[in-house]
Peer 1: 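Here you go, one structure.
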Amino acid sequence: MSKLLRPKPLAIIIGFLALLVISILFVRVPLPTILLPGEAIPGLAIGNFKITNTFIATLIADIVVLALAFLAVRNMKDVPESKLQNIFEWIYEIFEGMLTDIGGKEKAKAWVGVFLTLLFFLLFANWMELVPGIDSIGYIEPVEKAYVEKGVTVGYQVKHLGPFITLTSEQVKLSNEEREAIKKEAEEVEAAGQEYHPHEPKGYVLTPYVRAATTDLNLTIGLALLVVIWSHVIGFRRLGGKYARRFALPVITGMKPIDLFVGLLEFISEFAKIISLSFRLFGNIFAGQVLLFVMAFLVSFLLPLPFFGLELFVGFMQAFVFAILTFIYFEQATHSHAGDEHH
Amino acid sequence: MIEILSPGLAIGLGAIGPGIGIGLLVMGALQAMGRNPEVAGEIRTNMILGIVFAESIAIYALVVALLLLFVGAPGLQ
Amino acid sequence: MAALGLNLNYLLSYIVNFFLLYFLLKKFVFPAVSQMLEDRKKRIAEGLTAADAARREAEEERKRLMAQLEAERAEAQQRVAAASAQAEKVKEDILAQARREAEAIKTSAVEEAEAEKQRILAEAHKQIAELAMLAAERVVRKGLDEKTQHQIIEDFLSQVSLN
């Protein structure tokens, strides 16, 4: 206790407390609008394909991964001069060794590329939720418009800071009557063939330009579908017709009813794989993002700090789990069905 | 009323199982580490992996809760 | 599904995006890294073998030199032994000669002493005889006949020679 009473620690503690008080009393941040789908950015579209903020994040993650990877292998030396090359080789060796432990040398060599691509891509996609500016820089639109398009009911008042507009923490909620009125007005305007613009917006909502890519279900389900289908392709390639037997697909004569049941279970487990892979990744990152939002909403300074550390860990862990499960699925697909050896 | 209650129930009930599961997992891992500390590192890695898997079940519940809270269940609004 | 934001276009675009990323990395990055690691492993193995060979060679060279050194040392030892044997022999010779010479000197000295002794004895004999004659003269002068006188001298002389 006496240690805490020395001037330096005391000053730090008082500073922290002051920061907490200031953040609670004066610096309040709005709770960002929490939406599941990636939000399309107006004016950014390729033909019919509207580019969403999660898609932009995906592209950023791609660019970061590619840039780091190409920088690492650009003019490689036998005795590494760049730290990046060193780190890259280290990572490659560690994970190749890990995969060798799981599936043997040949399989590790074949699929370490998929593993590392998934790991790097998901790692940067996940960690993007931690980068300042992402989720907080975007365009502002009236809450009425957002209600018509996305069903958002809570907006915020805005403040002009020079050329910039910022949301304040003053909440504006649309009451049930207002919602009805807005809906009616929007329908009338659209029936006349025009775009709906509220005359006097009560509040505004912010749609970020960039949102962590793995908070979009399309990405996680897409990747899960991809790797599960890929594992079946690998299974067919390596085992041929034997692989189909595991699902009791061609009902061969002499097959017992239990085999059909096992095949059915295998079918179901394939869907369970897709669901669990995609929702594990999505859920962790989405929930982590909401957690960070809510913590910053409660106390804007200090309180979110430990959660950033937690999310750093979770982001890595989920990327790793997704990649290692992919490898395990690939590896399992190359085993013939347990019953085959006994027949 | 049910709009407020349902997310709470979703995450509250959904967290029971994973909570018990993680407890059992860590118990087993710690006992194993106590019995043979020379493989403690390996056990710890696998324990963390297991925790992540158990935790993701709670995360599914959390996702459902968040969906109910922010997006709303069809037919409730 | 729409509430979850699921949309087939986006889903496919993400899959294509991932495939592109995988293709680029697989084509340009991973082979380079794995090649580099393999090359380095090979080179390290080669280096180790070379070092092993060099060490073995050095060991052989050392053994050879040691053997040579050993041979030279033995030779030197032999030479020293020979020299010391010769020296011993010379010493023996010198000692023998010295002993012989000493013996000769001693013998000659003894002979000389004997001759001296004989000479002195003869001298002494003569002198004693003279003294005895002198003494006898004195006695005779007091009154002894020729015969007795002679007898006495004879006795005396035999006694002296006996001594």
Side-chain angles (χ1 to χ4, degrees), chain A residues 31-37 94 98 101-102 126 147 150-154 174 176 179-180 183 205 214-215 217 220-221 224 272-273 275-294 297 310-311 313-325 327-328, chain B residues 1-26 28-29 32 36 38-77:
Chain A
L31 186 66
T33 316
I34 292 161
L35 285 171
L36 272 187
I94 281 187
M98 190 180 277
D101 285 346
I102 297 173
N126 290 348
Y147 174 70
K150 306 170 203 159
V152 178
T153 59
V154 179
L174 295 180
N176 280 342
R179 292 182 202 177
E180 292 294 322
K183 220 174 225 171
V205 293
T214 32
T215 58
L217 262 176
T220 60
I221 290 182
K273 270 182 194 173
I275 298 291
S276 72
L277 258 187
S278 56
F279 275 87
R280 178 182 300 116
L281 179 59
F282 165 78
N284 270 285
I285 306 307
F286 184 72
Q289 196 180 42
V290 173
L291 184 71
L292 290 180
F293 287 166
V294 172
F297 175 66
L310 178 73
E311 287 311 309
F313 174 71
V314 167
F316 168 73
M317 227 39 223
Q318 291 308 320
F320 174 71
V321 163
F322 195 102
I324 200 95
L325 279 178
F327 182 80
I328 289 172
Chain B
M1 181 62 191
I2 191 110
E3 293 97 326
I4 302 164
L5 202 57
S6 54
L9 281 176
I11 181 62
L13 295 176
I16 294 173
I20 295 170
I22 290 173
L24 288 174
L25 224 153
V26 174
N36 32 351
E38 62 271 16
V39 287
E42 211 168 304
I43 293 172
R44 191 177 300 114
T45 317
N46 287 328
M47 178 187 82
I48 289 172
L49 263 181
I51 288 174
V52 168
F53 282 115
E55 185 203 50
S56 59
I57 296 172
I59 295 287
Y60 298 151
L62 183 59
V63 170
V64 171
L66 289 174
L67 290 183
L68 288 172
L69 197 59
F70 294 110
V71 180
L76 266 183
Q77 283 180 333

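Numbers restart at 1 for each chain; the letters A, B, ... are given by sequence-line order, proteins then strands.
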Peer 1: With a 4.5 angstrom heavy-atom cut-off, which part of A/Leu35 approaches chain B: side chain, backbone, both or neither?
Peer 2: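 Answer is neither: A/Leu35 stays 4.5 Å or more from chain B.
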Peer 1: Can you tell me how far apart CG (B/Leu68) and CG (B/Leu9) are? Round to the nearest 0.5 Å.
Peer 2: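 Between atom CG of B/Leu68 and atom CG of B/Leu9 there are 10.0 Å.
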Peer 1: Could you tell me which non-hydrogen atom of A/Val205 sits nearest to which non-hydrogen atom of A/Val154, and how far apart they are?
Peer 2: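 Closest approach of A/Val205 to A/Val154: CG1-O, 3.4 Å.
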Peer 1: Looking only at heavy atoms, which two atoms of B/Ile59 and A/Gly283 are closest? And how far apart?
Peer 2: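 Heavy atoms only, the tightest pair is CG2-C, 3.1 Å.
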Peer 1: Would a 4.5 Å heavy-atom cut-off, applied to side chains only, mark B/Phe53 and A/Leu325 as touching?
Peer 2: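 They are in side-chain contact.
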Peer 1: What pair of heavy atoms forms the shortest contact from B/Ala10 to B/Val64, and how long is it?
Peer 2: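 Closest approach of B/Ala10 to B/Val64, heavy atoms only: CB-CG1, 4.2 Å.
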Peer 1: List the residues meeting ring pair (Phe, Tyr, Trp, His ring centres under 6.0 Å) with A/Phe286, not counting sequence neighbours, and say none if there are none.
Peer 2: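 With neighbours one apart ignored, the set is A/Phe282.
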Peer 1: I need the B/Ile48 CD1 to A/Phe313 CZ distance, nearest 0.5 Å.
Peer 2: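 Spacing of CD1 (B/Ile48) from CZ (A/Phe313) equals 5.0 Å.
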Peer 1: Working to the nearest 0.5 Å, report the span between CG of A/Leu281 and CG of A/Leu217.
Peer 2: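 Separation between the atoms: 9.5 Å.
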Peer 1: When only heavy atoms count and the cut-off is under 4.5 Å, which of residues 12-26 of chain B reach chain A?
Peer 2: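 The residues closer than 4.5 Å to chain A amount to none at all.
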Peer 1: Just jot down the side-chain contact (heavy atoms from CB on, under 4.5 Å) partners of A/Ala287, sequence neighbours excluded, or say none.
Peer 2: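 With neighbours one apart ignored, the set is B/Leu62, B/Leu66.
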Peer 1: If you define the side chain from C-beta out and look only at heavy atoms, does anything of A/Phe327 sit under 4.5 Å from A/Met98?
Peer 2: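 A side-chain contact under 4.5 Å is absent here.
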Peer 1: Considering distance alone, list the donor-acceptor pairs between chain B and chain A shorter than 3.5 Å.
Peer 2:
from    : atom 1 : to       : atom 2 : distance (Å)
B/Ser56 : OG     : A/Arg280 : NE     : 3.2
B/Tyr60 : OH     : A/Ser276 : O      : 3.0

